[in-house]
Amino acid sequence: MEQHNRYHSVRLDKTRCKGCTNCLKHCPTEAIRVRGGRAHIIDERCIDCGECIRICEYHAKIAITDDLSAIHGFPHAVAIPAPSLYGQFKGLKSISPVLDALKAIGFEEVFEVARGADIVSRAIHEKLREPGLPKPLISSACPAVVRLIQVRFPDLIPNVVDIRQPMEVAAMIARQEFCRKHGCAPEDVGVFFITPCPAKMTAIRSPLGQEKSACDGAISMMEIYGQLLPHINRILANPTKPTATYYGVRWAVSSGEASAVCPDNSLSVDGIHNVIRVLEEIENNKLNDLVFFEGNACMGGCVGGPLNFENNYVAKNAVRKLAQECSPQHPVENVPVSMMTKYPLYFDHPIEPNPAMKLDDNLIVAMQKMERINQLVEDLPGYDCGSCGSPTCRTFAEDIVGGFCGEMDCIHKLKDQLKVMAQQMVELAQTKRE
Amino acid sequence: MSSFIHEEYPVERGDYTRAGEASADIKRRLKQLGVSSNVMRKVAVASYEVELNLVIHSLGGKLMLDVGTDGVLLVSEDVGPGIPDIAMAMREGYSTASEEARSLGFGAGMGLPNMKRNADDFDIQSEVGKGTRISMRFNLA
Ligand SMILES: Nc1ncnc2c1ncn2[C@@H]1O[C@H](COP(=O)(O)OP(=O)(O)OP(=O)(O)O)[C@@H](O)[C@H]1O
Ligand SMILES: [Mg+2]
(Lines give C-alpha, C1' and ligand atoms only; values in the text may rest on other atoms or scores of the structure.)
(Ligands and ions follow the chains in the order given, each with its own letter.)
Protein backbone atom coordinates (compact mmCIF):
# COMPACT_ATOMS: atom_id res chain seq x y z
CA MET A 1 0.00 0.00 0.00
CA GLU A 2 2.81 2.39 0.98
CA GLN A 3 4.62 2.45 -2.34
CA HIS A 4 1.21 2.31 -4.00
CA ASN A 5 0.51 5.76 -2.67
CA ARG A 6 3.80 7.15 -3.80
CA TYR A 7 3.22 6.80 -7.52
CA HIS A 8 3.09 10.17 -9.22
CA SER A 9 2.41 11.05 -12.80
CA VAL A 10 3.78 14.55 -12.26
CA ARG A 11 7.58 14.47 -12.47
CA LEU A 12 10.52 16.74 -12.85
CA ASP A 13 12.70 16.77 -15.91
CA LYS A 14 16.06 17.56 -14.29
CA THR A 15 17.69 18.54 -17.53
CA ARG A 16 15.19 21.33 -18.13
CA CYS A 17 14.83 22.69 -14.61
CA LYS A 18 16.55 26.04 -14.14
CA GLY A 19 16.02 26.10 -10.41
CA CYS A 20 13.78 29.17 -10.54
CA THR A 21 11.07 29.70 -7.96
CA ASN A 22 7.95 29.95 -10.14
CA CYS A 23 6.55 26.55 -9.30
CA LEU A 24 7.29 26.87 -5.57
CA LYS A 25 4.67 29.53 -5.05
CA HIS A 26 1.87 27.87 -6.95
CA CYS A 27 1.93 24.46 -5.39
CA PRO A 28 -1.26 24.12 -3.33
CA THR A 29 0.29 21.65 -0.89
CA GLU A 30 3.73 23.29 -0.60
CA ALA A 31 5.21 20.17 -2.12
CA ILE A 32 8.06 21.72 -4.08
CA ARG A 33 11.50 22.81 -2.92
CA VAL A 34 14.44 24.09 -4.89
CA ARG A 35 17.64 22.57 -3.58
CA GLY A 36 21.01 22.32 -5.25
CA GLY A 37 19.87 24.41 -8.18
CA ARG A 38 16.82 22.42 -9.15
CA ALA A 39 13.29 21.65 -8.04
CA HIS A 40 12.36 18.61 -6.01
CA ILE A 41 8.84 17.32 -5.51
CA ILE A 42 7.97 16.00 -2.07
CA ASP A 43 6.18 12.77 -2.96
CA GLU A 44 4.11 12.54 0.19
CA ARG A 45 2.55 15.92 -0.45
CA CYS A 46 2.13 16.01 -4.21
CA ILE A 47 -1.50 15.64 -5.29
CA ASP A 48 -0.72 15.53 -9.04
CA CYS A 49 -2.90 18.54 -9.76
CA GLY A 50 -0.53 19.71 -12.48
CA GLU A 51 -0.35 23.36 -11.38
CA CYS A 52 3.43 23.21 -11.68
CA ILE A 53 3.20 21.80 -15.19
CA ARG A 54 1.13 24.78 -16.21
CA ILE A 55 3.35 27.33 -14.51
CA CYS A 56 6.80 26.10 -15.54
CA GLU A 57 8.11 28.18 -18.42
CA TYR A 58 10.89 25.71 -19.06
CA HIS A 59 8.57 22.71 -19.32
CA ALA A 60 10.57 20.99 -16.63
CA LYS A 61 7.45 19.61 -14.97
CA ILE A 62 6.00 16.79 -16.95
CA ALA A 63 3.19 14.26 -16.76
CA ILE A 64 4.10 10.64 -17.22
CA THR A 65 1.43 8.78 -19.15
CA ASP A 66 1.43 5.65 -21.24
CA ASP A 67 2.62 5.64 -24.83
CA LEU A 68 0.09 4.76 -27.47
CA SER A 69 2.29 1.72 -28.16
CA ALA A 70 1.27 0.35 -24.74
CA ILE A 71 -1.95 -0.86 -26.35
CA HIS A 72 0.07 -3.50 -28.18
CA GLY A 73 0.81 -5.14 -24.87
CA PHE A 74 -2.72 -6.59 -25.05
CA PRO A 75 -4.39 -8.77 -27.66
CA HIS A 76 -7.25 -6.24 -27.72
CA ALA A 77 -7.42 -2.58 -26.81
CA VAL A 78 -10.40 -0.44 -25.89
CA ALA A 79 -10.27 3.35 -25.59
CA ILE A 80 -12.32 5.17 -23.01
CA PRO A 81 -12.05 8.86 -23.88
CA ALA A 82 -12.72 11.61 -21.37
CA PRO A 83 -15.45 13.85 -22.76
CA SER A 84 -13.00 16.76 -22.70
CA LEU A 85 -11.39 15.12 -25.75
CA TYR A 86 -14.44 16.14 -27.80
CA GLY A 87 -13.66 19.78 -27.16
CA GLN A 88 -10.25 19.61 -28.82
CA PHE A 89 -11.43 19.70 -32.40
CA LYS A 90 -12.79 22.72 -34.19
CA GLY A 91 -16.05 22.70 -36.11
CA LEU A 92 -17.24 19.23 -35.02
CA LYS A 93 -20.94 18.59 -35.53
CA SER A 94 -21.04 15.33 -33.64
CA ILE A 95 -19.01 13.19 -31.29
CA SER A 96 -18.90 10.27 -33.72
CA PRO A 97 -15.78 11.37 -35.64
CA VAL A 98 -13.79 11.41 -32.39
CA LEU A 99 -14.87 7.90 -31.53
CA ASP A 100 -14.08 6.69 -35.04
CA ALA A 101 -10.71 8.44 -35.05
CA LEU A 102 -9.78 6.49 -31.93
CA LYS A 103 -10.65 3.28 -33.75
CA ALA A 104 -8.57 4.42 -36.69
CA ILE A 105 -5.45 4.79 -34.57
CA GLY A 106 -5.60 1.27 -33.20
CA PHE A 107 -8.40 0.73 -30.70
CA GLU A 108 -10.85 -2.03 -31.47
CA GLU A 109 -13.65 -0.49 -29.50
CA VAL A 110 -14.45 2.79 -27.84
CA PHE A 111 -16.58 3.30 -24.75
CA GLU A 112 -17.42 6.83 -23.69
CA VAL A 113 -16.45 7.93 -20.20
CA ALA A 114 -19.37 10.32 -20.61
CA ARG A 115 -21.60 7.23 -20.51
CA GLY A 116 -19.88 6.30 -17.26
CA ALA A 117 -20.70 9.81 -16.11
CA ASP A 118 -24.38 9.22 -16.92
CA ILE A 119 -24.38 6.17 -14.69
CA VAL A 120 -22.48 7.92 -11.91
CA SER A 121 -24.88 10.87 -12.20
CA ARG A 122 -27.81 8.61 -11.50
CA ALA A 123 -25.97 6.88 -8.66
CA ILE A 124 -25.17 10.19 -6.97
CA HIS A 125 -28.69 11.39 -7.60
CA GLU A 126 -30.03 8.34 -5.75
CA LYS A 127 -27.43 8.72 -3.02
CA LEU A 128 -28.52 12.30 -2.35
CA ARG A 129 -31.93 11.03 -1.33
CA GLU A 130 -30.47 9.14 1.63
CA PRO A 131 -31.22 10.78 4.96
CA GLY A 132 -28.53 12.11 7.28
CA LEU A 133 -25.82 12.78 4.71
CA PRO A 134 -23.05 15.22 5.63
CA LYS A 135 -23.55 18.61 4.03
CA PRO A 136 -22.42 19.31 1.49
CA LEU A 137 -21.53 16.02 -0.12
CA ILE A 138 -18.28 16.53 -2.03
CA SER A 139 -17.73 15.14 -5.51
CA SER A 140 -15.07 12.44 -5.81
CA ALA A 141 -14.64 12.87 -9.55
CA CYS A 142 -11.51 15.03 -9.56
CA PRO A 143 -8.69 12.91 -8.07
CA ALA A 144 -6.55 15.99 -7.41
CA VAL A 145 -9.30 17.46 -5.24
CA VAL A 146 -9.73 14.18 -3.36
CA ARG A 147 -5.99 14.09 -2.70
CA LEU A 148 -6.05 17.72 -1.68
CA ILE A 149 -8.70 16.81 0.89
CA GLN A 150 -6.54 13.92 2.12
CA VAL A 151 -3.59 16.26 2.65
CA ARG A 152 -5.14 19.56 3.69
CA PHE A 153 -8.74 18.86 4.70
CA PRO A 154 -8.75 15.38 6.25
CA ASP A 155 -11.72 16.39 8.40
CA LEU A 156 -13.80 16.66 5.21
CA ILE A 157 -13.17 13.06 4.12
CA PRO A 158 -16.59 11.96 5.47
CA ASN A 159 -18.18 14.43 3.03
CA VAL A 160 -16.58 12.85 -0.04
CA VAL A 161 -19.17 10.91 -1.99
CA ASP A 162 -18.23 7.22 -1.99
CA ILE A 163 -19.10 6.56 -5.62
CA ARG A 164 -16.45 5.67 -8.20
CA GLN A 165 -15.41 8.10 -10.85
CA PRO A 166 -16.89 7.86 -14.35
CA MET A 167 -13.54 6.67 -15.71
CA GLU A 168 -13.66 3.60 -13.47
CA VAL A 169 -17.28 2.81 -14.20
CA ALA A 170 -16.68 3.21 -17.92
CA ALA A 171 -13.64 0.91 -17.74
CA MET A 172 -15.56 -1.86 -16.00
CA ILE A 173 -18.38 -1.77 -18.49
CA ALA A 174 -16.09 -1.40 -21.50
CA ARG A 175 -14.17 -4.51 -20.55
CA GLN A 176 -17.23 -6.58 -19.81
CA GLU A 177 -19.02 -5.57 -22.99
CA PHE A 178 -15.97 -6.23 -25.09
CA CYS A 179 -15.53 -9.69 -23.62
CA ARG A 180 -19.17 -10.53 -24.14
CA LYS A 181 -19.18 -9.31 -27.71
CA HIS A 182 -15.88 -10.86 -28.77
CA GLY A 183 -15.80 -13.85 -26.46
CA CYS A 184 -12.40 -13.24 -24.91
CA ALA A 185 -10.90 -13.23 -21.43
CA PRO A 186 -10.92 -9.99 -19.40
CA GLU A 187 -7.12 -9.99 -19.10
CA ASP A 188 -6.78 -10.03 -22.88
CA VAL A 189 -8.35 -6.59 -23.09
CA GLY A 190 -6.36 -3.45 -22.41
CA VAL A 191 -8.66 -0.61 -21.36
CA PHE A 192 -7.00 2.78 -21.82
CA PHE A 193 -8.27 6.07 -20.56
CA ILE A 194 -7.65 9.02 -22.86
CA THR A 195 -6.70 11.55 -20.23
CA PRO A 196 -6.75 15.33 -19.93
CA CYS A 197 -4.61 15.33 -16.77
CA PRO A 198 -1.89 13.60 -14.77
CA ALA A 199 -4.16 13.18 -11.74
CA LYS A 200 -6.18 10.54 -13.56
CA MET A 201 -3.03 8.67 -14.49
CA THR A 202 -2.05 8.65 -10.84
CA ALA A 203 -5.56 7.53 -9.91
CA ILE A 204 -5.08 4.48 -12.12
CA ARG A 205 -1.73 3.54 -10.57
CA SER A 206 -2.74 4.31 -7.01
CA PRO A 207 -6.51 4.21 -6.94
CA LEU A 208 -8.71 6.21 -4.62
CA GLY A 209 -11.55 4.39 -2.90
CA GLN A 210 -10.83 1.08 -4.55
CA GLU A 211 -8.19 -1.61 -4.40
CA LYS A 212 -7.42 -1.76 -8.08
CA SER A 213 -8.29 0.41 -11.04
CA ALA A 214 -10.33 -1.08 -13.84
CA CYS A 215 -8.12 0.79 -16.33
CA ASP A 216 -4.88 -0.63 -17.67
CA GLY A 217 -3.34 2.70 -18.47
CA ALA A 218 -3.84 6.28 -19.52
CA ILE A 219 -2.82 7.96 -22.73
CA SER A 220 -2.40 11.69 -22.83
CA MET A 221 -4.79 13.63 -25.04
CA MET A 222 -1.94 15.89 -26.00
CA GLU A 223 0.09 12.94 -27.19
CA ILE A 224 -2.48 11.47 -29.56
CA TYR A 225 -4.06 14.73 -30.68
CA GLY A 226 -1.90 14.92 -33.77
CA GLN A 227 -2.62 11.31 -34.70
CA LEU A 228 -6.37 11.74 -34.32
CA LEU A 229 -6.54 14.92 -36.35
CA PRO A 230 -6.21 13.40 -39.84
CA HIS A 231 -9.12 11.08 -39.12
CA ILE A 232 -11.49 13.66 -37.72
CA ASN A 233 -12.92 14.94 -40.97
CA ARG A 234 -13.36 11.58 -42.66
CA ILE A 235 -16.94 10.74 -43.50
CA LEU A 236 -17.79 7.15 -42.69
CA ALA A 237 -20.74 5.15 -43.96
CA ASN A 238 -21.36 3.72 -40.52
CA PRO A 239 -20.20 6.18 -37.92
CA THR A 240 -20.02 5.01 -34.31
CA LYS A 241 -23.05 6.25 -32.46
CA PRO A 242 -22.50 8.09 -29.21
CA THR A 243 -24.46 6.69 -26.29
CA ALA A 244 -23.96 9.32 -23.59
CA THR A 245 -26.52 11.98 -22.79
CA TYR A 246 -26.15 15.74 -22.75
CA TYR A 247 -25.55 15.46 -19.00
CA GLY A 248 -22.77 12.90 -19.20
CA VAL A 249 -20.87 14.87 -21.84
CA ARG A 250 -21.18 18.04 -19.77
CA TRP A 251 -19.08 16.46 -17.02
CA ALA A 252 -16.11 17.69 -19.05
CA VAL A 253 -16.79 21.23 -17.94
CA SER A 254 -17.07 22.75 -14.51
CA SER A 255 -20.64 22.55 -13.14
CA GLY A 256 -21.50 19.70 -15.51
CA GLU A 257 -21.57 17.16 -12.72
CA ALA A 258 -23.39 19.36 -10.24
CA SER A 259 -26.09 20.29 -12.70
CA ALA A 260 -26.64 16.61 -13.46
CA VAL A 261 -26.90 15.45 -9.85
CA CYS A 262 -28.26 18.40 -7.92
CA PRO A 263 -29.08 21.47 -9.99
CA ASP A 264 -31.02 23.24 -7.24
CA ASN A 265 -28.60 23.32 -4.37
CA SER A 266 -25.05 22.77 -5.46
CA LEU A 267 -21.91 24.77 -5.95
CA SER A 268 -19.24 24.24 -8.59
CA VAL A 269 -15.79 25.68 -8.24
CA ASP A 270 -12.86 25.39 -10.61
CA GLY A 271 -9.17 26.07 -10.15
CA ILE A 272 -7.36 24.41 -7.25
CA HIS A 273 -6.77 27.62 -5.31
CA ASN A 274 -10.46 28.54 -5.57
CA VAL A 275 -11.36 25.04 -4.45
CA ILE A 276 -9.16 25.50 -1.39
CA ARG A 277 -10.94 28.73 -0.45
CA VAL A 278 -14.32 27.06 -0.60
CA LEU A 279 -13.17 23.94 1.26
CA GLU A 280 -12.04 26.28 4.05
CA GLU A 281 -15.58 27.61 4.21
CA ILE A 282 -17.08 24.14 4.20
CA GLU A 283 -14.73 23.29 7.04
CA ASN A 284 -16.02 26.30 8.98
CA ASN A 285 -19.59 25.05 8.47
CA LYS A 286 -20.37 28.15 6.48
CA LEU A 287 -21.89 26.20 3.61
CA ASN A 288 -23.88 23.57 5.42
CA ASP A 289 -27.13 24.43 3.71
CA LEU A 290 -25.50 23.29 0.49
CA VAL A 291 -26.28 19.75 -0.69
CA PHE A 292 -23.54 19.10 -3.23
CA PHE A 293 -20.11 20.53 -3.92
CA GLU A 294 -18.21 19.93 -7.14
CA GLY A 295 -14.59 21.03 -7.14
CA ASN A 296 -12.33 20.80 -10.17
CA ALA A 297 -8.59 21.33 -9.83
CA CYS A 298 -8.39 22.81 -13.31
CA MET A 299 -9.89 26.06 -14.55
CA GLY A 300 -12.99 25.36 -16.55
CA GLY A 301 -13.12 21.75 -15.33
CA CYS A 302 -11.47 18.81 -17.12
CA VAL A 303 -11.29 20.81 -20.37
CA GLY A 304 -8.68 22.87 -18.52
CA GLY A 305 -6.48 19.86 -17.75
CA PRO A 306 -2.77 20.33 -18.50
CA LEU A 307 -2.86 17.63 -21.18
CA ASN A 308 -5.54 19.32 -23.27
CA PHE A 309 -4.47 20.73 -26.59
CA GLU A 310 -7.13 23.40 -26.97
CA ASN A 311 -7.45 26.28 -24.51
CA ASN A 312 -10.12 25.67 -21.92
CA TYR A 313 -12.52 28.41 -22.99
CA VAL A 314 -12.63 27.25 -26.57
CA ALA A 315 -12.90 23.61 -25.52
CA LYS A 316 -15.68 24.40 -23.07
CA ASN A 317 -17.69 26.04 -25.77
CA ALA A 318 -17.12 23.14 -28.16
CA VAL A 319 -18.19 20.59 -25.55
CA ARG A 320 -21.30 22.58 -24.79
CA LYS A 321 -22.32 22.53 -28.45
CA LEU A 322 -21.58 18.85 -28.89
CA ALA A 323 -23.53 17.98 -25.75
CA GLN A 324 -26.59 19.52 -27.35
CA GLU A 325 -26.36 16.94 -30.12
CA CYS A 326 -26.69 14.14 -27.58
CA SER A 327 -29.78 12.72 -25.94
CA PRO A 328 -31.39 15.42 -23.79
CA GLN A 329 -32.79 12.81 -21.44
CA HIS A 330 -31.69 13.11 -17.82
CA PRO A 331 -29.63 10.15 -16.56
CA VAL A 332 -32.31 9.40 -13.98
CA GLU A 333 -34.56 8.38 -16.89
CA ASN A 334 -31.89 7.40 -19.34
CA VAL A 335 -29.84 5.05 -17.17
CA PRO A 336 -31.77 1.88 -16.32
CA VAL A 337 -32.17 1.31 -12.61
CA SER A 338 -30.65 -2.17 -13.06
CA MET A 339 -27.32 -0.41 -13.72
CA MET A 340 -27.25 0.70 -10.10
CA THR A 341 -26.63 -2.87 -8.99
CA LYS A 342 -25.12 -4.48 -12.06
CA TYR A 343 -21.65 -3.03 -11.49
CA PRO A 344 -19.87 -2.15 -8.25
CA LEU A 345 -20.38 1.60 -8.26
CA TYR A 346 -19.38 2.25 -4.66
CA PHE A 347 -15.95 2.48 -3.06
CA ASP A 348 -14.62 -0.70 -1.54
CA HIS A 349 -11.76 1.09 0.17
CA PRO A 350 -11.93 4.01 2.56
CA ILE A 351 -10.27 7.30 1.65
CA GLU A 352 -7.56 7.73 4.29
CA PRO A 353 -6.18 11.02 5.57
CA ASN A 354 -2.69 11.82 4.32
CA PRO A 355 -0.74 13.24 7.25
CA ALA A 356 1.95 14.81 5.05
CA MET A 357 1.54 18.22 6.71
CA LYS A 358 2.05 16.81 10.20
CA LEU A 359 5.26 17.95 11.89
CA ASP A 360 5.62 14.75 13.89
CA ASP A 361 3.66 11.65 14.85
CA ASN A 362 4.17 12.44 18.49
CA LEU A 363 2.11 15.39 19.67
CA ILE A 364 4.70 16.63 22.16
CA VAL A 365 7.49 16.49 19.61
CA ALA A 366 5.23 18.20 17.07
CA MET A 367 4.56 20.99 19.58
CA GLN A 368 8.25 21.39 20.31
CA LYS A 369 8.95 21.63 16.61
CA MET A 370 6.22 24.20 16.16
CA GLU A 371 7.64 26.29 18.96
CA ARG A 372 11.06 26.20 17.34
CA ILE A 373 9.51 27.09 13.98
CA ASN A 374 7.80 30.10 15.55
CA GLN A 375 11.12 31.30 16.98
CA LEU A 376 12.83 30.91 13.63
CA VAL A 377 10.05 32.73 11.81
CA GLU A 378 10.46 35.70 14.17
CA ASP A 379 14.02 36.02 12.96
CA LEU A 380 13.35 35.63 9.25
CA PRO A 381 12.70 38.68 7.04
CA GLY A 382 9.20 37.61 6.00
CA TYR A 383 9.73 38.47 2.33
CA ASP A 384 8.65 34.99 1.25
CA CYS A 385 11.06 35.47 -1.65
CA GLY A 386 11.73 31.80 -2.23
CA SER A 387 15.49 32.30 -2.68
CA CYS A 388 16.16 29.71 -0.01
CA GLY A 389 14.24 27.20 -2.09
CA SER A 390 11.23 26.95 0.23
CA PRO A 391 7.98 28.63 -0.81
CA THR A 392 7.65 30.91 2.24
CA CYS A 393 9.67 31.97 5.27
CA ARG A 394 7.42 29.77 7.40
CA THR A 395 7.97 26.68 5.28
CA PHE A 396 11.69 27.49 5.32
CA ALA A 397 11.55 27.43 9.12
CA GLU A 398 9.68 24.13 8.93
CA ASP A 399 12.38 22.78 6.64
CA ILE A 400 15.15 23.89 9.02
CA VAL A 401 13.43 22.10 11.88
CA GLY A 402 12.92 19.10 9.62
CA GLY A 403 16.70 19.09 9.09
CA PHE A 404 16.53 19.77 5.35
CA CYS A 405 18.39 23.07 5.33
CA GLY A 406 20.18 25.59 7.51
CA GLU A 407 19.44 29.15 8.54
CA MET A 408 22.21 30.50 6.32
CA ASP A 409 20.37 29.22 3.27
CA CYS A 410 18.39 32.43 3.68
CA ILE A 411 20.35 34.99 1.67
CA HIS A 412 19.02 37.83 3.78
CA LYS A 413 20.25 36.20 6.95
CA LEU A 414 23.51 35.44 5.25
CA LYS A 415 23.88 39.06 4.20
CA ASP A 416 23.31 40.20 7.79
CA GLN A 417 25.80 37.65 9.00
CA LEU A 418 28.40 38.87 6.49
CA LYS A 419 27.86 42.46 7.61
CA VAL A 420 28.51 41.47 11.19
CA MET A 421 31.62 39.57 10.17
CA ALA A 422 32.90 42.48 8.08
CA GLN A 423 32.39 44.78 11.05
CA GLN A 424 34.28 42.35 13.28
CA MET A 425 37.17 42.26 10.80
CA VAL A 426 37.37 46.03 10.77
CA GLU A 427 37.39 46.08 14.56
CA LEU A 428 39.99 43.36 14.64
CA ALA A 429 42.22 45.27 12.21
CA GLN A 430 41.87 48.41 14.29
CA THR A 431 42.81 46.71 17.57
CA LYS A 432 45.90 45.28 15.93
CA ARG A 433 47.10 48.67 14.76
CA GLU A 434 47.06 50.17 18.21
CA MET B 1 -3.52 22.34 31.23
CA SER B 2 0.15 22.54 30.48
CA SER B 3 0.37 24.54 27.33
CA PHE B 4 3.14 24.19 24.78
CA ILE B 5 1.81 26.35 22.02
CA HIS B 6 0.56 29.84 22.65
CA GLU B 7 -0.54 32.14 19.85
CA GLU B 8 -2.24 35.50 19.86
CA TYR B 9 -4.18 37.01 17.01
CA PRO B 10 -5.28 40.63 17.20
CA VAL B 11 -8.64 41.16 15.49
CA GLU B 12 -9.85 44.58 14.43
CA ARG B 13 -13.44 45.69 14.37
CA GLY B 14 -15.01 45.85 10.95
CA ASP B 15 -11.95 44.44 9.19
CA TYR B 16 -13.80 42.14 6.82
CA THR B 17 -10.88 41.78 4.44
CA ARG B 18 -8.85 39.94 7.09
CA ALA B 19 -11.79 38.18 8.72
CA GLY B 20 -11.15 34.46 8.91
CA GLU B 21 -7.36 34.68 8.75
CA ALA B 22 -6.87 33.93 12.42
CA SER B 23 -9.08 30.87 12.33
CA ALA B 24 -7.40 29.73 9.11
CA ASP B 25 -4.02 29.93 10.84
CA ILE B 26 -5.37 28.08 13.86
CA LYS B 27 -6.63 25.28 11.62
CA ARG B 28 -3.30 25.09 9.83
CA ARG B 29 -1.44 24.72 13.09
CA LEU B 30 -3.74 22.08 14.48
CA LYS B 31 -3.33 20.06 11.30
CA GLN B 32 0.44 20.36 11.59
CA LEU B 33 0.23 19.12 15.14
CA GLY B 34 -1.78 16.17 13.95
CA VAL B 35 -4.86 16.94 16.02
CA SER B 36 -7.57 14.44 15.08
CA SER B 37 -10.02 15.36 12.36
CA ASN B 38 -13.12 15.55 14.52
CA VAL B 39 -11.48 17.83 17.08
CA MET B 40 -10.06 19.91 14.22
CA ARG B 41 -13.50 20.38 12.75
CA LYS B 42 -14.97 21.55 16.07
CA VAL B 43 -12.19 24.06 16.64
CA ALA B 44 -12.51 25.23 13.03
CA VAL B 45 -16.18 26.03 13.42
CA ALA B 46 -15.85 27.66 16.84
CA SER B 47 -12.77 29.71 16.02
CA TYR B 48 -14.30 31.06 12.85
CA GLU B 49 -17.51 32.07 14.63
CA VAL B 50 -15.72 33.69 17.52
CA GLU B 51 -13.32 35.54 15.22
CA LEU B 52 -16.17 36.88 13.12
CA ASN B 53 -18.04 38.05 16.20
CA LEU B 54 -14.98 40.09 17.09
CA VAL B 55 -15.00 41.66 13.64
CA ILE B 56 -18.74 42.23 13.48
CA HIS B 57 -19.82 42.99 17.02
CA SER B 58 -16.83 44.04 19.09
CA LEU B 59 -14.76 47.19 19.20
CA GLY B 60 -11.70 45.05 18.62
CA GLY B 61 -9.96 42.35 20.55
CA LYS B 62 -7.81 39.30 20.28
CA LEU B 63 -8.00 35.58 19.92
CA MET B 64 -5.68 33.35 21.91
CA LEU B 65 -4.83 29.77 21.16
CA ASP B 66 -3.24 27.39 23.61
CA VAL B 67 -2.46 23.80 22.79
CA GLY B 68 -1.36 21.26 25.35
CA THR B 69 -1.19 17.51 25.43
CA ASP B 70 -4.70 17.19 26.76
CA GLY B 71 -6.57 19.87 24.92
CA VAL B 72 -6.98 23.02 22.93
CA LEU B 73 -7.96 26.26 24.61
CA LEU B 74 -9.41 29.10 22.60
CA VAL B 75 -10.02 32.45 24.27
CA SER B 76 -11.51 35.58 22.77
CA GLU B 77 -11.20 38.90 24.55
CA ASP B 78 -12.45 42.24 23.40
CA VAL B 79 -12.61 45.81 24.63
CA GLY B 80 -16.32 46.30 24.31
CA PRO B 81 -19.15 47.07 23.91
CA GLY B 82 -20.13 44.01 25.98
CA ILE B 83 -23.32 41.98 25.81
CA PRO B 84 -26.24 43.28 27.93
CA ASP B 85 -28.19 40.02 28.05
CA ILE B 86 -26.06 36.92 27.63
CA ALA B 87 -28.95 34.47 27.84
CA MET B 88 -30.64 36.30 25.00
CA ALA B 89 -27.44 36.43 22.91
CA MET B 90 -26.99 32.67 23.35
CA ARG B 91 -30.37 31.96 21.79
CA GLU B 92 -30.45 30.54 18.29
CA GLY B 93 -31.57 33.21 15.87
CA TYR B 94 -30.86 36.19 18.11
CA SER B 95 -28.73 38.75 16.33
CA THR B 96 -28.04 42.45 16.40
CA ALA B 97 -25.89 42.31 13.28
CA SER B 98 -25.83 45.48 11.19
CA GLU B 99 -27.20 45.75 7.69
CA GLU B 100 -23.65 45.65 6.39
CA ALA B 101 -22.90 42.39 8.20
CA ARG B 102 -26.20 40.90 7.05
CA SER B 103 -25.48 41.81 3.45
CA LEU B 104 -22.28 39.76 3.78
CA GLY B 105 -24.23 36.73 4.95
CA PHE B 106 -23.75 37.07 8.70
CA GLY B 107 -26.40 37.63 11.33
CA ALA B 108 -28.20 34.29 11.47
CA GLY B 109 -27.74 34.35 15.23
CA MET B 110 -26.08 30.94 15.14
CA GLY B 111 -22.51 31.79 16.10
CA LEU B 112 -22.68 31.59 19.88
CA PRO B 113 -24.97 28.50 19.90
CA ASN B 114 -22.56 26.79 17.50
CA MET B 115 -19.57 27.61 19.69
CA LYS B 116 -21.31 26.16 22.70
CA ARG B 117 -22.31 23.06 20.77
CA ASN B 118 -18.79 22.42 19.48
CA ALA B 119 -16.71 23.20 22.55
CA ASP B 120 -16.33 20.67 25.36
CA ASP B 121 -16.31 23.55 27.85
CA PHE B 122 -17.78 26.90 27.05
CA ASP B 123 -17.69 29.99 29.21
CA ILE B 124 -18.83 33.49 28.39
CA GLN B 125 -18.48 36.59 30.51
CA SER B 126 -19.41 40.06 29.53
CA GLU B 127 -19.77 43.48 31.01
CA VAL B 128 -21.38 46.36 29.18
CA GLY B 129 -18.90 49.14 28.60
CA LYS B 130 -15.97 46.84 29.30
CA GLY B 131 -15.93 43.85 27.03
CA THR B 132 -16.58 40.19 26.47
CA ARG B 133 -14.46 37.15 27.20
CA ILE B 134 -15.26 33.78 25.75
CA SER B 135 -13.28 30.73 26.71
CA MET B 136 -13.63 27.41 24.96
CA ARG B 137 -11.91 24.13 25.65
CA PHE B 138 -11.66 21.17 23.35
CA ASN B 139 -10.47 17.83 24.66
CA LEU B 140 -7.97 15.95 22.57
CA ALA B 141 -8.68 12.33 21.71
N1 LIG C 1 -17.86 39.93 21.02
C2 LIG C 1 -19.10 40.44 21.09
N3 LIG C 1 -19.30 41.71 21.54
C4 LIG C 1 -20.52 42.22 21.60
N5 LIG C 1 -21.63 41.56 21.24
C6 LIG C 1 -21.52 40.31 20.81
C7 LIG C 1 -20.25 39.69 20.70
N8 LIG C 1 -20.45 38.43 20.24
C9 LIG C 1 -21.76 38.28 20.07
N10 LIG C 1 -22.42 39.40 20.42
C11 LIG C 1 -23.89 39.60 20.41
O12 LIG C 1 -24.52 38.34 20.43
C13 LIG C 1 -25.37 38.20 19.31
C14 LIG C 1 -25.42 36.77 18.88
O15 LIG C 1 -24.15 36.37 18.40
P16 LIG C 1 -24.07 35.16 17.38
O17 LIG C 1 -22.66 34.95 16.99
O18 LIG C 1 -24.79 34.01 17.99
O19 LIG C 1 -24.94 35.67 16.15
P20 LIG C 1 -24.55 36.74 15.04
O21 LIG C 1 -23.11 37.02 15.08
O22 LIG C 1 -25.46 37.90 15.20
O23 LIG C 1 -24.93 35.97 13.73
P24 LIG C 1 -24.07 34.78 13.05
O25 LIG C 1 -22.98 34.41 14.01
O26 LIG C 1 -25.02 33.65 12.83
O27 LIG C 1 -23.54 35.36 11.79
C28 LIG C 1 -24.82 39.14 18.30
O29 LIG C 1 -25.77 39.55 17.35
C30 LIG C 1 -24.37 40.30 19.15
O31 LIG C 1 -25.46 41.11 19.55
MG1 LIG D 1 -21.69 35.49 15.09
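- In this structure, Ile351(A) and Val146(A) have side chains that are in contact, with non-hydrogen atoms separated by less than 4.5 Å.
- The cationic atom of Lys135(A) (NZ for Lys, CZ for Arg) does not lie both less than 6.0 Å from the six-membered ring centre of Phe292(A) and within 45° of the ring axis.
- For the set Met40(B), Glu49(B), Lys31(B), the count of heavy-atom pairs under 4.5 angstrom toward chain A peaks at Lys31(B).
- At least one donor-acceptor pair under 3.5 Å links the side chain of Asp120(B) to the backbone N or O of Asn139(B).
- Interface check for chain B: of the options Ile364(A), Asn374(A), Asp360(A), the most heavy-atom pairs under 4.5 Å are formed by Asn374(A).
- Contact annotation for Arg29(B): both backbone and side-chain heavy atoms come within less than 4.5 Å of a heavy atom of chain A.
- Contacts between Asn362(A) and chain B at a heavy-atom distance below 4.5 Å are absent for every atom of the residue.
- Formation of a donor-acceptor pair under 3.5 Å by the Ser206(A) side chain with backbone atoms of Ala203(A) is not found in this model.
- A parallel orientation is assigned to the rings of Tyr16(B) and Phe106(B), their planes being inclined by less than 30° (bins at 30° and 60°).
- Neither the backbone nor the side chain of Ile373(A) comes within less than 4.5 Å of any heavy atom of chain B.
- Looking at Leu208(A) and Phe347(A), their side chains never come closer than 4.5 Å, going by heavy atoms from C-beta outward.
- By number of non-hydrogen pairs under 4.5 angstrom with chain B, the leading residue of Glu283(A), Gln368(A), Glu398(A), Glu280(A) is Glu283(A).
- Contacts between Pro154(A) and chain B at a heavy-atom distance below 4.5 Å involve backbone atoms as well as side-chain atoms.
- In terms of heavy-atom pairs under 4.5 Å with chain B, the best-connected choice from Glu281(A), Glu371(A), Lys286(A) is Lys286(A).
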